[in-house]
Amino acid sequence: MESELVHPCPQCKSDDKLRMLTMSTEIPYFGEHTQITIICDSCGWKHTDFIPSEGEKPGLWKIKVDDKEKMSARIIRSSSCTIRIESLDLEVSPGSGSSGYVSNVEGVLNRFIDAIAVILNDCDEETIVKAKGMISLLEDAIEGKGSLVIELLDPRGRSQIIHDEAENRELTDEEAESLQMGFELPVNE
C-alpha cells in the first residue's frame, strides 16, 4: 500500500509530501510484521523499519558466534536497535539516518568490516593496526575460526535473532533508557 504523509522531510526539510510504502507479511519464526518505508522524492532520503504485530517489549538478543553454521542465523534489526560486539569494543547505535534491515550473522559482520574499512583512510598508524586486527578477528569469525558474541539491544523490542542458540531477555528500564532510539516514524503505530 502506498500513501502520502504531510510531514517535512527530516533530511532536506522539503514540505513536499513524503511517500510511505507499507507491506504486511510473515517472516518465518519472527511472525507477522509490517514493513514501513518512507521516501522523500525531493532528496531521495529513505527510511525503513519493521513493526511486529505482537506487543513490543524492550529486548536484548544475543548469539555466540563460534562456528560457521551460525553465519546463517537470521537477524532482524529495526531502526531503534543498537548492535554490539563487546569483545571488540564495537557498537553501532541508531541515528537519524538509521534504517531497519533483515540479514544474517555473516551480513552483520560484513557490515562491521565495511564500516571499519571506511575509516582506515583517515587514521594514524596505531589506529590502522588496531582496525586491521578487528577486521581480521571478524573475518576469522566468518570462517568459523574465532568466537564472539553479537548483541541486539532494542528499546522498542522490534529486533530479533532467529536461531536455536540465540538468547533473549527483556531490557531493564535503565538499559532501555541508556540507548539511542533512532528516527521515529511520523505515523501512528
Side-chain angles (χ1 to χ4, degrees), residues 9-13 27 30 33-40 43-52 56-65 70-71 73-123 127-128 130-135 137-139 141-142 148-163 166-187 189:
C9 173
Q11 184 70 33
C12 71
K13 309 298 183 215
I27 295 178
F30 184 59
H33 76 286
T34 301
Q35 177 180 332
I36 298 176
T37 301
I38 299 175
I39 302 167
C40 176
C43 70
W45 175 84
K46 181 174 122 177
H47 176 81
T48 301
D49 207 351
F50 299 91
I51 301 172
E56 302 169 8
K57 292 181 183 172
L60 179 144
W61 283 86
K62 69 180 179 178
I63 187 167
K64 184 174 183 180
V65 181
K70 291 182 184 160
M71 289 301 113
R74 183 64 65 209
I75 303 272
I76 294 98
R77 184 223 185 232
S78 81
S79 65
S80 59
C81 179
T82 296
I83 300 179
R84 187 179 292 161
I85 302 174
E86 206 166 329
S87 62
L88 299 178
D89 200 25
L90 293 173
E91 180 174 296
V92 175
S93 298
S96 61
S98 181
S99 264
Y101 59 81
V102 177
S103 186
N104 58 22
V105 168
E106 182 176 3
V108 169
L109 296 179
N110 279 318
R111 284 174 181 257
F112 273 105
I113 289 169
D114 292 345
I116 294 168
V118 166
I119 66 161
L120 287 177
N121 295 331
D122 298 326
C123 295
T127 304
I128 289 172
K130 184 177 178 182
K132 286 183 177 181
M134 286 180 187
I135 289 173
L137 291 170
L138 291 166
E139 289 172 340
I142 290 171
L148 52 84
V149 175
I150 295 176
E151 295 179 329
L152 306 181
L153 298 94
D154 193 338
R156 291 192 180 119
R158 299 176 180 166
S159 301
Q160 186 174 351
I161 301 173
I162 301 171
H163 190 276
E167 301 172 25
N168 78 306
R169 67 170 173 81
E170 199 168 328
L171 290 173
T172 65
D173 290 341
E174 295 79 28
E175 288 173 322
E177 290 170 10
S178 72
L179 296 169
Q180 294 181 35
M181 296 287 274
F183 176 73
E184 179 63 38
L185 293 170
V187 294
E189 296 184 30

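For the pair P94/T82, a side-chain contact is recorded, criterion being any heavy-atom separation below 4.5 Å from C-beta on. I85 places none of its side-chain heavy atoms less than 4.5 Å from the side chain of V65. Using a 4.5 Å heavy-atom threshold, the side chains of I113 and E139 count as touching.
Minimum interatomic distance between L179 and D154 (heavy atoms only, all atoms of both residues): CD1-N, 4.5 Å. The nearest pair of heavy atoms linking I63 to A73 is CD1-CB, 4.0 Å. Closest of all the heavy-atom pairs between A117 and I135 is N-CD1, 4.2 Å. Shortest non-hydrogen contact noted between R74 and S103 is NH1-O, 2.9 Å. For the residue pair I75 and N104, the shortest heavy atom distance occurs at CG1-C, 3.8 Å. Annotation for A166 and I161: closest pair CB-O, 3.6 Å, computed over non-hydrogen atoms.
Considering only residues two or more places apart in sequence or on other chains, S178 meets the side-chain hydrogen bond (donor to acceptor under 3.5 Å, both in side chains) condition with none of them. For the side-chain hydrogen bond (donor to acceptor under 3.5 Å, both in side chains) test, residues two or more places apart in sequence or in another chain that qualify with K70 are D66, E165. The side-chain contact (heavy atoms from CB on, under 4.5 Å) search around C12 returns C9, S14, C40, S42, C43, not counting sequence neighbours.
Here K62 does not pair with E86 in a salt bridge; the nearest charged N to carboxylate O distance is not below 4.0 Å.
Counting only distance, with no hydrogens or angles, the side chain of W61 and the backbone of S159 share a donor-acceptor pair below 3.5 Å.
Note: I83 CD1 to F112 CZ = 5.5 Å, rounded to the nearest 0.5 Å.
Taking a 6.0 Å sphere around CG of D114, one finds it holds more than 12 heavy atoms contributed by other residues, nucleotides or ligands.
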